[in-house]
Trainee: 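Dropping the structure in here first, questions after.
Quick note: numbers below take in every heavy atom, side chains included, and nothing from hydrogens, waters or symmetry partners. This structure is a prediction, so every number in the text was calculated from the model and none was measured.
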Amino acid sequence: MNAAPADQIRLLDLQAIDSRLDQLAHRRRTLPEHAEIDKATADHTALKDLVVAAQAQLGDTTREQAKAEADVEQVRSRAARNQQRMDSGAVTSPKDLENLQHENASLAKRQGDLEDIVLEVMERLESAQTRVTELTARLEHSAVVVAEAEGRRDAKFAEIDTEADKVRRDREAVANVIPADLMKVYLRLREQQGGTGAARLYQRRCEGCRTEFSITEFNAIKAEPADKVLRCENCGRILVRTGESGV
């Protein structure tokens, strides 16, 4: 393939632009904010699960307290009815009166036991409420952390994208004046060779793969016409001759 030396040199300009675009894309993919967001999001999700579990525990304990208080009220009401019957004189049988007194004594002990249970449940309920409050506050803070990290990432995105848009405009201006057949080869090699399709020949070295040519190889390169598109025999990239190539 042949191409004007000026068009070949433009490939180096295009390569520099494409390399810059690759760098910007890499920077966009590897911003430290990505890791921050991943960690903050994972923390937020874990806290959300803890809040749900804590709220469920609070609900269970609230229902447990309601049942314990209902049990106390039931015992208290029965004892009050017994006492009312005894105080009213409606119970005339000494045996029935004695039974009511024994039952009220048992109810008093039962009420005491149940009230102890209520106190214990109330302590657990207070602890559950405190945990829900603390976890909810942490969850809200974690949401702020995620949002702040996303904000920093988006600001970096905007900065990178602004530069990338400018570089792409520069690329278009350069690419438009490079012959289509030369551009096709460059793009194919760029894809095959990790992003570098054209490299400068600097003195006796290919700057794409850093191979230094022997004197014989270099003399063969020097003998080629200026418009011939050369390829590095080691890496296969387009080898562009410039004023610093020594040819």
Side-chain angles (χ1 to χ4, degrees), residues 10-61 124-176 178 183-200 202 205-211 232 234-240:
R10 287 190 185 97
L11 278 184
L12 295 180
D13 297 332
L14 183 62
Q15 180 63 71
I17 291 171
D18 282 340
S19 293
R20 181 55 184 158
L21 285 172
D22 290 343
Q23 291 168 359
L24 290 171
H26 176 75
R27 181 184 168 200
R28 200 180 197 277
R29 291 192 305 271
T30 59
L31 287 172
E33 285 76 12
H34 291 312
E36 291 179 30
I37 291 169
D38 288 345
K39 182 179 184 307
T41 301
D43 290 345
H44 182 73
T45 300
L47 280 169
K48 189 182 296 184
D49 292 342
L50 289 175
V51 168
V52 170
Q55 289 173 335
Q57 182 64 45
L58 176 61
D60 291 344
T61 308
R124 286 193 284 113
L125 181 63
E126 183 178 357
S127 177
Q129 289 170 332
T130 298
R131 180 164 175 76
V132 168
T133 299
E134 291 176 349
L135 287 173
T136 300
R138 289 172 57 190
L139 181 65
E140 292 171 353
H141 176 69
S142 72
V144 172
V145 171
V146 172
E148 288 177 346
E150 289 176 340
R152 290 193 299 274
R153 177 204 60 193
D154 292 344
K156 294 287 182 62
F157 275 175
E159 176 187 333
I160 293 169
D161 292 346
T162 297
E163 182 178 354
D165 287 342
K166 179 182 180 304
V167 175
R168 276 190 286 269
R169 289 193 295 272
D170 294 341
R171 184 188 192 280
E172 184 177 1
V174 174
N176 284 342
I178 296 176
M183 176 67 79
K184 183 177 180 180
V185 174
Y186 163 77
L187 292 175
R188 175 171 55 81
L189 291 173
R190 176 169 145 72
E191 183 177 354
Q192 294 173 352
Q193 300 295 334
T196 303
R200 182 176 65 150
Y202 182 71
R205 185 177 68 246
C206 168
E207 291 198 328
C209 61
R210 301 299 177 181
T211 294
C232 175
N234 182 61
C235 66
R237 295 179 174 95
I238 295 173
L239 199 59
V240 179

Trainee: Quick one: CG on L11 to CD1 on I238, what's the gap to the nearest 0.5 Å?
Mentor: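 Going from CG on L11 over to CD1 on I238, the span is 5.0 Å.
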Trainee: For the CZ atom of R200 and the CZ atom of R237, what is their distance to the nearest 0.5 Å?
Mentor: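 One gets 15.0 Å once the value is rounded to the nearest 0.5 Å.
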Trainee: Only one of T130, V132, T133 clears side chain to side chain contact (heavy atoms under 4.5 Å, CB included) with L58; which?
Mentor: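 Going through T130, V132, T133 one by one, the side chain to side chain contact (heavy atoms under 4.5 Å, CB included) with L58 is satisfied by V132 alone.
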Trainee: Looking at SG of C235 and CZ of R210, how far apart are the two atoms once the value is rounded to the nearest 0.5 Å?
Mentor: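 Between C235 SG and R210 CZ, I get 11.0 Å after rounding to 0.5 Å.
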Trainee: Salt-bridge test for D170 and K166: reply yes if a basic N is under 4.0 Å from a carboxylate O, no otherwise.
Mentor: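 Yes, this pair counts.
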Trainee: Name the atoms and distances for all side-chain donor-acceptor pairs under 3.5 Å in residues 41-51, with sequence neighbours left out.
Mentor:
residue : atom : partner : partner atom : Å
T41     : OG1  : I37     : O            : 2.7
D43     : OD2  : K39     : NZ           : 2.9
H44     : ND1  : S142    : OG           : 2.6
T45     : OG1  : T41     : O            : 2.9

Trainee: As an exercise, state the distance from CD of E207 to CG of L239, rounded to the nearest 0.5 Å.
Mentor: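 Reported value, rounded in 0.5 Å steps: 9.5 Å.
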Trainee: Q55 and L135: side-chain contact (heavy atoms from CB on, under 4.5 Å), yes or no, with the steps?
Mentor: CA-CA 10 Å; Q55 289 173 335; L135 287 173; over 6 Å; no
Trainee: Around atom CD of E126, are there more than 12 heavy atoms of other residues, nucleotides or ligands at under 6.0 Å?
Mentor: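 No, CD of E126 has 12 or fewer neighbouring heavy atoms, counting only those of other groups under 6.0 Å.
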Trainee: Report the C-alpha distance between E172 and N176 in whole Å, list the side-chain angles of each, state the deciding distance to 0.1 Å, and finish with yes or no for side-chain contact (heavy atoms from CB on, under 4.5 Å).
Mentor: CA-CA 6 Å; E172 184 177 1; N176 284 342; 3.5 Å; yes
Trainee: What do the steps show when you test R20 against E163 for side-chain contact (heavy atoms from CB on, under 4.5 Å), and what is the final call?
Mentor: CA-CA 10 Å; R20 181 55 184 158; E163 182 178 354; 2.7 Å; yes
Trainee: Working to the nearest 0.5 angstrom, can you tell me the gap between Y186 OH and Q193 CD?
Mentor: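 Going from OH on Y186 over to CD on Q193, the span is 12.0 Å.
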Trainee: Which atoms form the tightest heavy-atom contact between A199 and L12, and what is the distance?
Mentor: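 The answer is C-CD2, 3.7 Å.
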Trainee: Search all heavy atoms of R131 against all heavy atoms of A54 and return the closest pair with its distance.
Mentor: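 That closest heavy-atom pairing would be CG-CB, 4.2 Å.
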Trainee: Keeping the roles fixed (side chain from Q57, backbone from A128), state whether a donor-acceptor pair exists under 3.5 Å.
Mentor: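 Not confirmed, Q57 side chain does not pair with A128 backbone.
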Trainee: Please determine whether a side-chain nitrogen of the Lys or Arg among R10 and D13 lies less than 4.0 Å from a carboxylate oxygen of the Asp or Glu.
Mentor: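 Salt bridge absent between R10 and D13.
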Trainee: Could you go through the side-chain contact (heavy atoms from CB on, under 4.5 Å) check for L187 and M183 one step at a time?
Mentor: CA-CA 6 Å; L187 292 175; M183 176 67 79; 3.9 Å; yes
Trainee: Could you tell me which non-hydrogen atom of L21 sits nearest to which non-hydrogen atom of A164, and how far apart they are?
Mentor: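 What the structure gives for the nearest pair is CD2-O, 3.8 Å.
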Trainee: Where do R168 and D161 come nearest, in terms of heavy atoms and distance?
Mentor: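 Minimum heavy-atom separation between R168 and D161: NH2-O, 4.4 Å.
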Trainee: Apply ring pair (Phe, Tyr, Trp, His ring centres under 6.0 Å) to H141 and list each qualifying residue two or more places apart in sequence or on a separate chain.
Mentor: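 Result, ring pair (Phe, Tyr, Trp, His ring centres under 6.0 Å) vs H141: none returned.
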Trainee: For residues 150-160, run the donor-acceptor check on the side chains, cut-off 3.5 Å, and write out each pair with its distance to 0.1 Å, sequence neighbours left out.
Mentor:
residue : atom : partner : partner atom : Å
R152    : NH2  : E36     : OE1          : 2.5
K156    : NZ   : E33     : OE2          : 3.1
E159    : OE2  : R27     : NH2          : 3.3

Trainee: Closest approach of A40 and V145, non-hydrogen atoms and distance?
Mentor: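 Shortest heavy-atom separation between A40 and V145 comes out as CB-CG1, 3.8 Å.
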Trainee: With no hydrogens and no angle check, is any side-chain donor or acceptor of R190 less than 3.5 Å from a backbone partner on G195?
Mentor: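 Yes.
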